Structures are given as C-alpha cells and as structure tokens.
K.L.:
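Encoded as structure tokens, here's the structure I'll be asking about.
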Amino acid sequence: MGEKGNSVHKVIIIGSGPAGLTAALYAARSQLKPLVFEGMSPGGQLLTATEVENYPGFPEGIQGPELMESFKKQAERFGAEITAKIVEKVDFLHRPFTVWSNDRQKYQSHAAIIATGSSYKWLGLESEEKLIGHGVSACATCDGFFFRDKEVIVVGGGDSAMEEALFLARLVSKVTIIHRRDQFRASKIMSDRVLQHPKITVTWNSVVEEILGDPDTTGVTGLRIKNVLSGERENISCSGVFIAIGHKPNTSLFEGILDIDKNGYLVTKPGSTHTSVEGIFACGEVQDNTYRQVIVSAGSGSMAAIDAEHWLESCDLC
C-alpha cells in the first residue's frame, strides 16, 4: 500500500536481483511483509545470462531468467509483495523513511534494504548489444566455461581485465587483450602476470569498432578493431568477447544521503549490511566491489534481511 492506505511498511526493498529477492524471501519468512520494487532491471544482470552453471543446486545449469523467476516465486510464496514500479526519489533523513515511485506514489517504511546492484560498463556498440549472451559477456567467471579450448578477446586495461584474461587463460586456447593505450592501467603485479603468460597476447593502441557475428546462428565470429595511432583497421577471429572496462554501482539515487566510497559503492559497516543511516541496509553488488557473484549477492541479501529484522526488534519507534 502506498499513500492511499496511509500505512507504513516494516521494510521496503529496492531492487530485485539475487540480493533483493533473497532479502525479500528472508524478510517475508520473518513476517516482515516486505514491499519489493523491481526497478528498471527486474531480476538484475542475470536476465542477460543464457546459462548459469555455478549456482549450487542446479547440476545441469539453469537459464538466468528462469533462476530469477524461481527466486521471485519463492519470495512471493511467503508473502513478499513485488511491484514493477521504479523508485525515483528517497527520503532517508526523516522517519518513517519515504520513497516515491515513477507513478508519483509515496511509500513509507520503518526500514529499507537497498539492492540496486551494479551495471556493467559496455562499449556502447549496436553489434555488442545484439550479441550479449551470444558470445559477448562481461563475466569470465560466469561464462568462460562455454569457450573452453577456443580463442577469445578481452577488452580493457585495468585490473578487472587482467583478472578476466588470467581466468580465461585456464580454459581457452588463446586470449587476446585489446587496449586503447600503449600500457595497462592495471597494477604492475597483475600486468606482469598477463604479459608473461604464454596464452595471452596484447594488441595495443586499438579500439573495437564492431563485433562480428549473428545472434540467431553463429554467435560471435570476430571483431573489427582500429589502431588509434595509424587509423588502420583489421578483423580478428574469435568465439567470444569479454568486455572488462569496469562496473558502475547503481547508487546515484542515494548520493548525499548515504556514505559512498571513491568507486561509487555504498559503504556498509564491517561484518554487516548496515549503512551510514540507521535502519537502512545494503546488499549485493551495490556494496560489493570484490566478488560480484550470484551466490555472494544472495548471501548478502539474507544478511540484510536478518540485520533489518534484528534492528526492527530493537527499534523503539518502529
């Protein structure tokens, strides 16, 4: 219920990826009757995952959207209310907390769990968008297995790109890194490991102009790159392209309200999901700059619900 019912929810959850829906499940089973705002990306980044093989309990793997639909149904089974609305504004400075949705409805709660996740940074190419999930990925840990003994490309030059390349080198026959500069931005130790690896080569001073392939038939078959110094173009054959140019946590809604670190992630107190405002909790990739895995996000979602439940029990004004 929103403003019409003039009621205050025990807990509102913003976000519906693995963290948000796990928080909803735990909160619902604790009789907190959570209200979940799905937001712009219901199900989170898993909606673009064609196959998830590293989530326990599914030995044959499971489609990302199917997994998230199961998360949603399980949360709803125990009483979580899930709405497709988007939260556009929040007031966490006054109690009860207030959020406003994209249809201008106002909702209030005693506690809130933020699970808005993070977004992969993409190159912005039309061909890239078409081939996401068909040979284009932003997560080697998630999708590297599908390219065993094949040749792949990693785009980027920071520590994330080095980590992706080194991980992929265990599985594939060859990794080529495409980087727009003549040296990596990554730490020296990570750069040295990559440069010394026998299965990894680097193409310097180059940018990707187009990813080649057909999402309905061949998937990725290669890409066209351009040398930024000479202007020369060439096509490179490959079976997969991993974009590793960073993540952007979805925290713009909370700027100036909650503590955010230099990389844009919400700051939580050590060993908990408590943010800088009492009664506000954060879980998943909106505060995880290290692991960024489905199972880790789900785990932190359960932590947030438990933290919220304990906080509500001790809250005199709730």
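Bear in mind the structure is a predicted one, so any value in this text is a computation, not a measurement.
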K.L.:
Could you check whether any side-chain N or O of E128 sits under 3.5 Å from a backbone N or O of L123, counting only pairs where one atom can act as donor and the other as acceptor?
P.N.:
yes
K.L.:
Test side-chain contact (heavy atoms from CB on, under 4.5 Å) on S276 and L258; report intermediate values, then the result.
P.N.:
CA-CA 6 Å; S276 55; L258 300 173; 4.1 Å; yes
K.L.:
Give a yes or no on this: more than 12 heavy atoms of other residues, nucleotides or ligands lie within 6.0 Å of atom CD of E313.
P.N.:
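Above 12, so yes.
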K.L.:
With heavy-atom distances below 4.5 Å as the criterion, would you say the side chains of P18 and M68 are in contact?
P.N.:
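They are in side-chain contact.
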K.L.:
Which atom pairs, donor and acceptor, lie under 3.5 Å between side-chain atoms of residues 25-34 and protein residues at least two apart or in another chain?
P.N.:
unit_1	atom_1	unit_2	atom_2	d
S30	OG	Y26	O	3.1
S30	OG	E309	OE1	3.2

K.L.:
Among V208, V241, I225, L212, exactly one meets side chain to side chain contact (heavy atoms under 4.5 Å, CB included) together with I236. Which residue is that?
P.N.:
I225
K.L.:
Would you say the side chain of P249 lies within less than 4.5 Å of the side chain of N263, judging by non-hydrogen atoms?
P.N.:
no
K.L.:
For the pair H310 and I306, evaluate side-chain contact (heavy atoms from CB on, under 4.5 Å) and give the outcome as yes or no after the intermediate values.
P.N.:
CA-CA 6 Å; H310 291 168; I306 292 169; 3.5 Å; yes
K.L.:
Heavy-atom distance under 4.5 Å between the side chains of L253 and T116, does that happen here?
P.N.:
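SC-SC contact between L253 and T116 ruled out.
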K.L.:
Is a side-chain donor or acceptor of E209 paired with a backbone partner of K226 at a separation under 3.5 angstrom?
P.N.:
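Not confirmed, E209 side chain does not pair with K226 backbone.
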K.L.:
Are V155 and V207 linked, directly or through other ILVMFWY residues, by side chains that come within less than 4.5 angstrom of each other?
P.N.:
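Hydrophobic grouping puts V155 apart from V207.
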K.L.:
Determine, using ring centers only, whether F281 and H274 are less than 6.0 Å apart.
P.N.:
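Close enough - the centres of the two rings lie under 6.0 Å apart.
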K.L.:
Should we say atom CG of L93 is surrounded by more than 12 heavy atoms from elsewhere, each under 6.0 Å from it?
P.N.:
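Counting neighbours around CG of L93, more than 12 heavy atoms of other residues, nucleotides or ligands fall under 6.0 Å, so yes.
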K.L.:
Grab the two heavy atoms, one from S101 and one from F37, that are nearest each other, plus how far apart they are.
P.N.:
CB-CE2, 4.2 Å
K.L.:
Checking S272 side chain against T268 main chain: does a donor-acceptor pair fall under 3.5 Å?
P.N.:
no
K.L.:
Just say parallel, tilted or perpendicular for the rings of F242 and F147, cut-offs at 30° and 60°.
P.N.:
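Rings of F242 and F147: perpendicular, as their planes differ by over 60°.
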K.L.:
Between the main-chain N or O of A19 and the side-chain N or O of S297, is there a donor-acceptor pair closer than 3.5 Å?
P.N.:
no
K.L.:
What closest approach, in Å, do T251 and G264 show between heavy atoms, and which atom pair accounts for it?
P.N.:
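Heavy-atom minimum between the residues: OG1-O, 2.7 Å.
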K.L.:
Parallel, tilted or perpendicular, judged at 30° and 60°: which one describes the rings of H247 and Y120?
P.N.:
tilted
K.L.:
Answer yes or no: are there more than 12 heavy-atom neighbours, outside E88 itself, under 6.0 Å from its atom CD?
P.N.:
yes
K.L.:
Looking at E278 and W311, what are the two nearest heavy atoms and their distance?
P.N.:
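Shortest heavy-atom separation between E278 and W311 comes out as OE1-NE1, 3.4 Å.
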K.L.:
Sub-3.5 Å donor-acceptor pair from the side chain of D214 to the main-chain atoms of T218, do we have one?
P.N.:
no
K.L.:
Taking side chain as C-beta onward, heavy atoms only, is F97 less than 4.5 Å from R95?
P.N.:
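Side chain of F97 against side chain of R95, heavy atoms only: contact under 4.5 Å found.
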K.L.:
Got I153 and I211 here, is their nearest side-chain heavy-atom distance under 4.5 Å?
P.N.:
no
K.L.:
Taking the side chain from D91 and the backbone from T98, do they hold a donor-acceptor pair closer than 3.5 Å?
P.N.:
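Here the side-chain-to-backbone pair does not exist.
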K.L.:
Grab the two heavy atoms, one from L35 and one from H9, that are nearest each other, plus how far apart they are.
P.N.:
CD2-NE2, 3.7 Å
K.L.:
Is there a side-chain contact between I12 and Y107, using heavy atoms and a 4.5 Å cut-off?
P.N.:
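A side-chain contact under 4.5 Å exists here.
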K.L.:
Tell me whether E285 is salt-bridged to R292, with the criterion being a basic N under 4.0 Å from an acidic carboxylate O.
P.N.:
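No, E285 and R292 are not salt-bridged.
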K.L.:
Test side-chain contact (heavy atoms from CB on, under 4.5 Å) on H110 and V8 and set out the steps.
P.N.:
CA-CA 7 Å; H110 293 299; V8 179; 3.6 Å; yes
K.L.:
Is I257 reachable from W100 through a run of hydrophobic residues whose side-chain heavy atoms are each under 4.5 Å from the next?
P.N.:
no
K.L.:
Would you call W122 and V136 a side-chain contact if the rule is heavy atoms closer than 4.5 Å?
P.N.:
yes
K.L.:
Taking everything shown except R77 itself, do over 12 heavy atoms lie less than 6.0 Å from its CZ?
P.N.:
no
K.L.:
Does some side-chain heavy atom of C283 sit less than 4.5 Å from a side-chain heavy atom of I113?
P.N.:
yes
K.L.:
side-chain contact (heavy atoms from CB on, under 4.5 Å), that's the test. Do F254 and I280 meet it? Break it down for me.
P.N.:
CA-CA 11 Å; F254 314 109; I280 305 295; over 6 Å; no
K.L.:
What pairs of donor and acceptor atoms, side-chain ones from residues 170-183 against any protein atom, are under 3.5 angstrom apart with sequence neighbours left out?
P.N.:
unit_1	atom_1	unit_2	atom_2	d
S173	OG	K150	O	3.1
T176	OG1	T201	OG1	3.3
H179	NE2	Q183	O	3.0

K.L.:
Mind listing the closest non-hydrogen atom pair of G144 and L168 along with its distance?
P.N.:
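Closest pair (atom of G144, atom of L168, distance): CA-CD2, 3.7 Å.
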K.L.:
Work out which heavy atom in F146 is nearest to a heavy atom in C142; give both atom names and the distance.
P.N.:
CE1-O, 4.0 Å
